[in-house]
Amino acid sequence: MSQTQKVLEFNEKKITLIGTAHISEESVKEVSEAIRAQEPDCVAIELDQKRCESIRNPESWRQLDIIKVLKNHEGFLLLANLVMASFQKRMGKNVGVKPGDEMIAAMKTADELGIPTVMVDRPVQVTFRRAWAKNSAWGKCKLLSALLASGFSTEEVDKEQIESLKDTSEMDSMMKELSDYMPTVKQVLIDERDQFLASKIWEASGTNVIAVLGAGHLAGVAAYLEKIAAGSASTDTHEIESLPPKKLGAKIAMWLIPALIVGIIAAGFYIGGKDAGSKMALSWILWNGALAAAGAIIAAAHPLTILVSFVGAPLTSLCPFIGVGIVAGIVQAVVCKPKVQDLENLSSDAGSVKGFYRNKLLRVLLVFILSSIGSSFGTFIAGADIAVSFAETLSSLIGK
């Protein structure tokens with residue numbers, strides 16, 4: 001038995017876990033050979049249904065609607081997916097394997113033998129949203145920086161390094177490093193998915209099941225399956241399939257901060273007169289608009305997009321339901337509509353800064369991200385400036 005496999009037997013149920021590296025030629029062979037040798041009742045695969053359909057239908061990229069993505073508040077999720085896919089594709093280049101080839105091999109082999117397959121991973125959108133929602137502001141910055149650093153890394157990885165990713169000691173070291181650097185992310189990306197994968201594998205039909213999953217999940221999934229079998233853990237995944245509810249403080253802040261800004265400006269007009277109120281209102285408009293527009297300019301956006309960013313930011317910053325990045329991104333997508341070639345080159349272009357500027361669809365995401373960041377800075381700076389101006393107005397009135 002390979003060190004990348006774990007065989008678990010629970011009364012009449014047998015589960016074989018095969019830990020893989022997602023860009024390993026050896027993993028592709030091992031998965032196919034194990035399924036042919038055992039001919040299990042079911043093959044469980046570490047994919048969600050959407051990613052499975054994408055793999056089975058390589059032309060699915062043609063259906064990507066960037067405007068719909070932005071309207072559904074999935075711009076960051078798409079960006080994260082593209083950067084990670086580009087990173088894996090670049091790593092696999094040196095070993096002649098595409099990311100997820102072992103999953104494709106599992107599905108093809110199972111299809112050939114007439115064995116049913118089941119997708120047992122949590123939808124990637126849920127995973128990313130939970131990772132983002134459960135993180136602090138500092139944690140979000142670390143997550144973004146780690147994502148971009150990996151996406152634009154030029155480090156070369158050889159075949160031996162790829163295969164070492166399946167080694168238990170190597171994987172334990174990586175998991176500890178991730179846990180120390182970003183404990184919340186590790187909890188969502190690894191621990192919660194270990195629970196989810198184990199629960200769905202346990203529920204797979206048949207008494208003999210082979211599960212194909214990343215080596216990083218091997219130990220965690222095995223441990224959780226043991227708990228399920230012992231009755232000390234449940235297969236109910238409802239709690240980790242939804243976004244964590246917003247804390248009461250966050251809900252209040254969504255409305256309180258905009259209301260406070262509007263209230264201070266209104267009070268400025270009432271207490272300090274037209275000059276004081278206009279100064280505060282102008283500060284809000286200029287800081288928000290100028291920095292959002294600056295973000296759009298850095299993204300090399302269309303002039304109309306830059307104008308919309310400037311005009312829209314002061315308004316959207318006061319609305320909890322929509323950000324200027326969504327508005328600016330949609331305008332950019334309309335005036336500079338991505339072409340088929342842009343869609344075809346998505347994963348390769350996402351691996352370089354130059355690619356983001358060359359690819360029209362990636363440029364839309366760049367506009368979305370940078371105009372949003374600009375507006376966020378503008379909100380903090382303008383808010384502080386307005387507070388100072390209001391304090392000065394009050395001080396002058398008291399002095400009189």
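Throughout, numbering of the chain's residues begins at 1 and tracks the sequence.
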I'd like to know whether CZ of Phe377 has more than 12 heavy-atom contacts from other residues, nucleotides or ligands below 6.0 angstrom.
no
Identify the two heavy atoms, one from Leu113 and one from Arg36, that lie closest to each other, and give their separation to 0.1 Å.
CD1-CA, 4.0 Å
Atom CG of Asn208 and atom CD1 of Ile15: how far apart are they, to the nearest 0.5 Å?
9.5 Å
Do Val209 and Val118 have side chains that approach each other closer than 4.5 Å (heavy atoms only, starting at C-beta)?
no
Work out which heavy atom in Val43 is nearest to a heavy atom in Ala106; give both atom names and the distance.
CG1-CB, 4.4 Å
We want to know whether Asp41 and Thr207 form a side-chain donor-acceptor pair, criterion being a heavy-atom distance below 3.5 angstrom.
yes
Once rounded to the nearest 0.5 Å, what's the spacing between atom CH2 of Trp202 and atom OG1 of Thr235?
9.5 Å
Side-chain heavy atoms nearer than 4.5 Å, only ILVMFWY residues, links allowed to pass through others: does that put Leu362 and Ile298 together?
yes
Flag, side chain of Glu46 to backbone of Gly214, donor-acceptor distance under 3.5 Å:
yes
Could you tell me whether the side chain of Glu226 reaches within less than 4.5 Å of the side chain of Leu8, counting heavy atoms only?
yes
State yes or no: do Val126 and Phe128 share one hydrophobic cluster built from I, L, V, M, F, W and Y residues joined by side-chain heavy-atom distances below 4.5 Å, directly or via other members?
no
Under 3.5 Å, is there a donor-acceptor pair between the side chain of Arg122 and the main chain of Ile240?
yes
Partner of Leu17 under side-chain contact (heavy atoms from CB on, under 4.5 Å), picked from Leu197, Val7, Val212, Ile201, is Ile201
Do Ile271 and Leu394 have side chains that get closer than 4.5 Å, going by heavy atoms?
yes
Heavy-atom closest contact (Ile265 atom, Gly277 atom, distance)
CG2-O, 4.1 Å
Could you walk me through whether Val324 and Asn288 pass side chain to side chain contact (heavy atoms under 4.5 Å, CB included), step by step?
CA-CA 10 Å; Val324 70; Asn288 258 285; over 6 Å; no
What is the minimum heavy-atom distance between Ser199 and Ser234, and which atoms define it?
OG-O, 3.9 Å
Are Phe390 and Asp385 side-chain neighbours, meaning at least one heavy-atom pair lies under 4.5 Å?
no
Nearest heavy-atom neighbours spanning Val221 and Asp194:
CG2-O, 3.8 Å
Backbone N/O of Ala391 and side chain of Ser395: donor-acceptor pair under 3.5 Å:
no
Verify same cluster id: Leu304, Leu370 (apolar side-chain graph, 4.5 Å)
yes
Between Val120 and Ala44, what is the shortest heavy-atom contact and its length?
CG1-CB, 3.8 Å
Is there side-chain contact between Leu318 and Trp284, with at least one heavy-atom pair below 4.5 Å?
yes
Please check if Ile306 and Ile369 belong to a single hydrophobic cluster, counting links between Ile, Leu, Val, Met, Phe, Trp and Tyr side chain heavy atoms closer than 4.5 Å.
no
Rounded to the nearest 0.5 Å, how far apart are CD1 of Ile322 and CG of Leu70?
10.0 Å
For the backbone of Ala292 and the side chain of Ser375, can you confirm whether one donor and one acceptor N or O come within less than 3.5 Å of each other?
no
Look at atom NZ of Lys279 and say whether more than 12 heavy atoms of other residues, nucleotides or ligands are closer to it than 6.0 Å.
no
Could you give the distance from OG (Ser371) to CD1 (Ile326), rounded to the nearest 0.5 Å?
9.5 Å
Mind checking whether Pro40 and Ile35 have side chains closer than 4.5 Å, heavy atoms only?
yes
Leu225 and Phe10: side chain to side chain contact (heavy atoms under 4.5 Å, CB included), yes or no, with the steps?
CA-CA 9 Å; Leu225 283 169; Phe10 311 101; 4.2 Å; yes
Here the gap from Asn72 atom CG to Ile67 atom CD1, rounded to the nearest 0.5 Å, amounts to 12.0 Å
Check ion pair Lys186-Asp191 (N to O, under 4.0 angstrom):
yes
Lys200 side chain to Gln195 backbone, donor-acceptor under 3.5 Å
no
Between the side chain of Arg193 and the main-chain N/O of Leu189, is any donor-acceptor distance below 3.5 Å?
yes
Side-chain heavy atoms of Ser278 within contact of Phe269, under 4.5 Å
yes
N/O donor-acceptor pair under 3.5 Å between Arg363 side chain and Ala301 backbone:
no
Would Leu365 and Ile66 count as a side chain to side chain contact (heavy atoms under 4.5 Å, CB included) if you check the C-alpha gap in whole Å, the side-chain angles of each, and the deciding distance to 0.1 Å?
CA-CA 9 Å; Leu365 291 177; Ile66 186 62; 3.9 Å; yes
Working note: Met280 + Thr393, criterion side chain to side chain contact (heavy atoms under 4.5 Å, CB included); need CA distance, chi angles, decisive distance, verdict.
CA-CA 11 Å; Met280 295 180 199; Thr393 301; 3.9 Å; yes
First locate atom CG of Asp101, then atom NZ of Lys29, and finally report the distance between them rounded to the nearest 0.5 Å.
13.0 Å
Among Gln38, Glu39, Gln5, which residue satisfies the side-chain contact (heavy atoms from CB on, under 4.5 Å) criterion with Ile210?
Gln38
Are Leu361 and Phe356 connected into the same hydrophobic cluster when the rule is that any two of I, L, V, M, F, W, Y join if their side-chain heavy atoms are below 4.5 Å apart?
yes
Student check: side-chain heavy atoms of Phe368 and Gln332 closer than 4.5 Å:
no
Sidechain-backbone polar pair: Gln187 side chain, Glu192 backbone, donor-acceptor under 3.5 Å
no
Neighbour count >12 (heavy atoms, 6.0 Å) for atom CZ, Phe380
no
Would one find more than 12 heavy atoms of other residues, nucleotides or ligands at under 6.0 Å from atom CD1 of Ile257?
no
